[in-house]
Amino acid sequence: MMNKKIILGVTGSIAAYKAATLVRLLVKEGAEVKVLMTNTARQFITPLTMATLSKRPVLVEFFNPENGEWNSHVKLGLWADLMLIAPASANTIGKMACGIADNLLLTTYLSARCPVAVAPAMDLDMYAHVAHQQNLSLLRLRGVHIIEPPVGELASGLQGQGRMEEPEEIVRLLQILLEKKICLSGKHFLVTAGPTHENIDAVRFIGNSSSGKMGYAIAEELAWRGARVTLISGPVSVVARHPGITLCRVASAQEMYEAAARLFPESDGAVMAAAVADFTPESRVEGKMKRGKSSLSITLTPTKDIAAYLGSIKKKNQTLVGFALEAADEHTNALKKLREKNLDFIVLNSLNDPNAGFNVDTNKVCIIDRTGREATYELKSKIEVAKDIVNKLSEWANRIES
Ligand code: CTP
């Protein structure tokens with residue numbers, strides 16, 4: 001973000017206090033920040049705080065009533081490399097969607113030629129209201145990047161979606177927007193995620209404890225870099241928030257295979273992060289099995305290897321990425337999978353690394369590509385690991401193109 005020029009628009013919301021942290025983080029990253037505030041925003045946080053942190057006067061009005069000095073929204077719009085509105089109230093989002101220009105922030109938005117990102121902040125019912133959702137859809141259609149609010153506790157004390165995304169995460173997403181060289185717009189990727197459930201009877205299944213967090217983080221990262229993503233997900237409780245992600249829910253390995261086989265030919269590649277069951281019951285008992293037996297044997301048959309199938313039909317311009325979770329002989333096993341499934345690169349994680357792999361928020365990986373190049377990363381959050389994987393995928397996809 002060094003020397004990037006960023007306009008931060010602050011509107012009237014209780015989350016305005018987070019805008020102070022945002023400025024501090026952006027300045028720390030080397031960005032030049034100009035803060036524009038609406039009149040209502042001034043009631044939540046003072047221009048003095050924002051001016052001190054941004055090291056520049058804060059602009060609110062079209063002109064200074066003392067000396068008539070004009071704050072040109074046109075110049076501001078041309079100056080910026082990026083405009084962020086955070087927090088963005090329902091009122092401002094509605095006005096942006098309608099092209100209303102009754103304050104400096106809105107006129108600057110209409111004059112801006114740079115990418116614009118918006119971090120909404122409001123109560124859950126306002127956020128879910130169809131009028132507001134239609135306004136967001138309109139803005140999205142016009143290319144505005146919406147930083148979806150996470151689900152959590154709101155200032156009203158209610159729980160739901162509406163609180164502004166945390167400043168650290170917003171800065172991370174802005175970095176992606178500014179890193180144009182790794183932009184993936186126009187690309188379509190598949191991501192498989194989560195476990196599969198192989199039914200024994202109507203209520204029981206064989207499954208595993210994959211949380212889906214790694215695959216979902218990869219899907220989010222790809223979508224943030226402009227790619228269209230189809231996320232083929234087994235049963236998980238995590239949610240996909242980016243509007244560029246189309247969710248395709250499946251339960252069994254067979255369903256995941258069918259979805260992946262259908263969608264892969266039209267894609268630019270796939271990241272196979274799902275923990276697919278290797279075996280499934282040969283037959284499913286109708287209804288619910290009764291106890292009454294002294295022992296029970298279930299005959300299992302192998303499932304289809306989805307990654308291997310995609311590897312067998314992969315075209316030259318497609319990239320295929322696999323995962324290997326290994327307990328022993330990690331490298332040898334990962335290389336074998338890389339070769340046998342015709343992958344372009346494989347993400348190896350070891351069961352022997354504490355806090356890596358299944359059902360945790362962190363991971364420690366080593367990425368090996370089919371030319372033999374290999375990079376080992378330290379233990380990081382799955383969100384950060386997703387960034388490393390997508391960096392590698394972008395490099396690889398660009399290599400294919402050139
Ligand atoms: N995979 C798949 N379909 C399967 C099994 C695995 O697409 N039926 C994919 C996984 O998503 C992962 C890679 O293949 O990207 C390796 O999965 P892993 O479970 O580590 O290996 P397996 O091939 O199942 O071999 P094993 O369990 O014997 O280690």
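Predicted model only: the values in this text are computed from it and were never measured. Order of listing sets the numbers, starting from 1, for every ligand and every atom in it.
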Selection from A308, A274, A324, P302 by shortest heavy-atom distance to atom 10 (C) of ligand 1 = A274

Check step by step if side-chain hydrogen bond (donor to acceptor under 3.5 Å, both in side chains) holds for N135 and R140.
-> CA-CA 9 Å; N135 288 335; R140 262 185 213 116; over 6 Å; no

Which of these, I306, N333, L320, has its nearest heavy atom closest to atom 3 (N) of ligand 1?
-> I306

Would you call M164 and M122 a side-chain contact if the rule is heavy atoms closer than 4.5 Å?
-> no

In terms of residue, atom name and distance, what is the protein heavy atom nearest to atom 4 (C) of ligand 1?
-> V276 CB, 3.5 Å

Going by distance alone, is a donor N or O of one side chain under 3.5 Å from an acceptor N or O of the other, for E330 and T332?
-> no

Relative to ligand 1, is D305 under 4.0 angstrom through side chain, backbone, both or neither, heavy atoms considered?
-> both

May I ask you to check whether Y309 and Y257 place their ring centres under 6.0 Å from each other?
-> yes

So is A275 polar-close to ligand 1, meaning N/O to N/O under 3.5 Å?
-> no

G322-ligand 1 polar pair, N/O distance under 3.5 Å | no

Could you tell me if any non-hydrogen atom of K341 lies under 4.0 Å from any atom of ligand 1?
-> yes

Write out the residue and atom name of the closest protein heavy atom to atom 28 (O) of ligand 1, then the distance separating them to 0.1 Å.
-> D278 OD2, 4.5 Å

Taking atom 21 (O) of ligand 1 as the reference point, the nearest protein heavy atom with its distance = K337 NZ, 3.1 Å

What are the atoms of ligand 1, with element, lying closer than 4.0 Å to any heavy atom of T303?
-> 8 (N)

Give the ring-plane orientation class for H197 versus F205, where under 30° counts as parallel, over 60° as perpendicular and anything between as tilted.
-> parallel

Please write down residue, atom name and distance for the protein heavy atom closest to atom 8 (N) of ligand 1.
-> K304 O, 2.9 Å

T11 vs I85 side-chain heavy atoms within contact, under 4.5 Å | yes

Polar proximity ligand 1 side, A273 side, N/O cut 3.5 Å exclusive | no

Can you tell me how far OG of S111 sits from CG of L106, rounded to the nearest 0.5 angstrom?
-> 10.5 Å

Atoms of ligand 1 under 4.0 Å from any heavy atom of M272, numbered from 1 in the order shown, are 7 (O), 11 (O), 12 (C), 15 (O)

Less than 4.0 Å between atom 23 (O) of ligand 1 and some protein heavy atom, yes or no?
-> yes

How far is atom 17 (O) of ligand 1 from its nearest protein heavy atom, and which residue and atom name does that atom have?
-> F323 O, 3.7 Å

Using non-hydrogen atoms of the residue, decide whether A253 is closer than 4.0 angstrom to ligand 1.
-> no

Evaluate the ring planes of F62 and W70, with Trp represented by its six-membered ring, and classify them as parallel (under 30°), tilted (30 to 60°) or perpendicular (over 60°).
-> parallel

Which one holds for A307 and ligand 1: side chain close, backbone close, both close, or neither close, with close meaning a heavy atom under 4.0 Å?
-> both

Which ligand 1 atoms are under 4.0 Å away from a heavy-atom of L325?
-> 20 (O)

With the threshold set at 4.0 Å, does a side-chain nitrogen-carboxylate oxygen contact exist between E166 and K18?
-> yes

Is K337 salt-bridged to E340, cutoff N-O under 4.0 Å?
-> no

